[in-house]
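Please read the structure below before turning to the comments.
Quick note on labels: first sequence line is chain A, next is B, and so on, each numbered from 1. All figures in this text were calculated on a predicted structure; none of them were measured in a lab.
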Number of protein chains: 2
Amino acid sequence: MALRYALLAALNETPATGYELSQRFRTRLAHVWNASHQQIYRELGKLHEEGLVSAETIPQADKPDRKPYHVTDTGRTALRTWLATPQPRPATRDPLLVKLFAGDCLDGAAMAEELAGLRQHYRNRLRAYRDIEATWFKDPATLPRRYRLQHLALRRGILGAETWLRWLDEAQQAFSGTDAD
Amino acid sequence: MALRYALLAALNETPATGYELSQRFRTRLAHVWNASHQQIYRELGKLHEEGLVSAETIPQADKPDRKPYHVTDTGRTALRTWLATPQPRPATRDPLLVKLFAGDCLDGAAMAEELAGLRQHYRNRLRAYRDIEATWFKDPATLPRRYRLQHLALRRGILGAETWLRWLDEAQQAFSGTDAD
DNA sequence: TCGATCATGTAACAGGTTACATGATTTT
DNA sequence: AAAATCATGTAACCTGTTACATGATCGA
């Protein structure tokens with residue numbers, strides 16, 4: 001359900017083609033919602049059928065046609081309605097934690113390697129987020145509301161990554177050395 | 001993919017019926033992996049077909065039959081193989097953060113209420129986790145490996161909930177007062 | 001010339017949710 | 001007497017993933 005509203009929100013910010021949207025999801029929205037281009041095109045099709053977005057096909061000489069979408073009034077209303085409805089928290093589903101429940105079947109050395117990879121992963125994310133924060137949200141208090149809200153989402157990404165790193169400090173200690181006991 | 005290994009891990013710990021498994025997923029595994037009873041029965045069926053688990057039906061006088069499953073050797077091997085394979089991080093998909101991206105369409109008062117609910121939610125979780133920690137993992141260093149690993153998963157739940165509460169401190173400030181600007 | 005990126009899709013499948021079904025036992 | 005919990009499922013649907021398809025342009 002939420003994908004369609006993520007699309008509406010993104011298009012409400014700026015009209016865009018499917019391709020441009022899929023880029024935004026990969027970059028600016030990566031810490032918010034993930035979606036592949038296939039999913040995006042499919043959902044855009046449905047939104048179009050239902051009249052929540054509309055599109056003009058702009059033919060281009062010697063280039064494939066552009067097909068930018070924008071939100072209709074109906075779409076904006078639907079978005080507002082959804083926004084006002086409290087959403088349940090997403091379910092927790094983490095394969096890494098499943099592994100920790102496997103107990104004696106778990107090989108310590110393999111797990112130690114995986115945790116090292118994880119640390120790298122979250123270190124990279126954290127650096128990327130902090131870069132964005134430093135360049136775009138320098139002085140949050142003076143920002144217009146829109147950007148303050150986006151900053152809040154970014155903050156969530158930052159705190160999340162920091163917490164994973166702190167957890168890794170605990171976890172790697174448990175897997176360090178000779179995997180004793 | 002991971003659900004089947006969560007089931008194998010749970011059954012490897014202790015054999016159980018579908019019903020008992022769905023209870024464990026709701027309680028002890030809630031911070032690790034969520035699964036409904038429908039999903040569990042379906043997956044158990046597949047695992048049985050593929051010979052990774054086996055079951056005896058135990059008829060009971062004046063009660064519905066019990067059908068406890070346990071992991072076979074094939075199952076245990078499959079579990080070990082999966083455990084040794086690094087898993088990609090799950091994609092981020094949070095409707096709450098989507099809302100923050102909707103910018104000017106977002107109603108501040110409604111959001112403030114939702115955030116208040118969230119705070120309650122994570123406060124409850126945190127208390128529950130800490131209770132479990134205090135009663136079952138009093139002295140982690142002396143615990144056998146199995147339980148140290150489960151403790152690590154619980155720690156992840158605790159740190160996660162604490163972080164949400166800290167984020168809420170930042171977020172609620174932004175939505176407090178008269179939703180100005 | 002080869003691979004990457006631009007640009008838009010279709011099709012099949014796997015995983016997860018919602019709704020429905022049934023019947024006994026225990027608690028309020 | 002009604003509601004919750006025990007206990008086991010089926011069916012339809014929605015969402016997300018993987019694989020495939022096509023063709024142009026641009027930089028190494």
Nearest-Å distance, [atom1] ([X]) to [atom2] ([N])?
{"X": "L47(B)", "N": "dA14(C)", "atom1": "CG", "atom2": "C1'", "answer": "14 Å"}
{"X": "Q39(B)", "N": "dG16(C)", "atom1": "CD", "atom2": "P", "answer": "5 Å"}
{"X": "L44(B)", "N": "dG15(C)", "atom1": "CG", "atom2": "P", "answer": "15 Å"}
{"X": "E43(B)", "N": "dT8(D)", "atom1": "CD", "atom2": "P", "answer": "17 Å"}
{"X": "R26(B)", "N": "dA4(D)", "atom1": "CZ", "atom2": "P", "answer": "14 Å"}
{"X": "L21(A)", "N": "dT8(C)", "atom1": "CG", "atom2": "C1'", "answer": "13 Å"}
{"X": "N34(A)", "N": "dG15(C)", "atom1": "CG", "atom2": "P", "answer": "19 Å"}
{"X": "Q23(A)", "N": "dA4(C)", "atom1": "CD", "atom2": "P", "answer": "17 Å"}

Exercise for the section: Determine whether any donor atom in the side chain of R93(A) lies under 3.5 Å from an acceptor atom in the base of dG15(C), or the reverse, and answer yes or no. Expected result: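 Answer is no: no donor-acceptor pair is held.
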Quick check on [N]: is either OP1 or OP2 less than 4.0 Å from any side-chain nitrogen or oxygen of [X]?
{"X": "K46(A)", "N": "dT15(D)", "answer": "yes"}
{"X": "K67(A)", "N": "dG9(C)", "answer": "yes"}
{"X": "Y41(A)", "N": "dT8(C)", "answer": "yes"}
{"X": "S36(A)", "N": "dT18(D)", "answer": "no"}
{"X": "Y19(A)", "N": "dT8(C)", "answer": "no"}

Under 4.0 Å between a side-chain nitrogen and a carboxylate oxygen: does that hold for [X] and [Y]?
{"X": "R156(B)", "Y": "D94(A)", "answer": "no"}
{"X": "E114(A)", "Y": "R119(A)", "answer": "no"}
{"X": "E133(A)", "Y": "R155(A)", "answer": "yes"}
{"X": "R166(A)", "Y": "D169(A)", "answer": "no"}

Problem - Whichever of R42(A) and R42(B) has its nearest DNA chain C nucleotide further upstream toward 5' - result: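 With R42(A) and R42(B) compared, the 5'-side residue is R42(A).
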Handout entry: Pairwise 5' ranking along DNA chain C for H37(A) and M1(B), keeping only the more 5' one
Key =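 Of the two residues, H37(A) wins.
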Exercise for the section: Hey, can you tell me if Y5(A) and W82(A) have their rings parallel, tilted or perpendicular (30° and 60° cut-offs)? Expected result: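 Taking W82(A) first and then Y5(A), their aromatic rings lie parallel (interplane angle under 30°).
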Practice task
Using the closest heavy atom to pick a nucleotide of DNA chain D for each, name whichever of Q38(B) or Q38(A) lands nearer the 5' end.
Solution key: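 Here Q38(B) is the residue nearer the 5' end.
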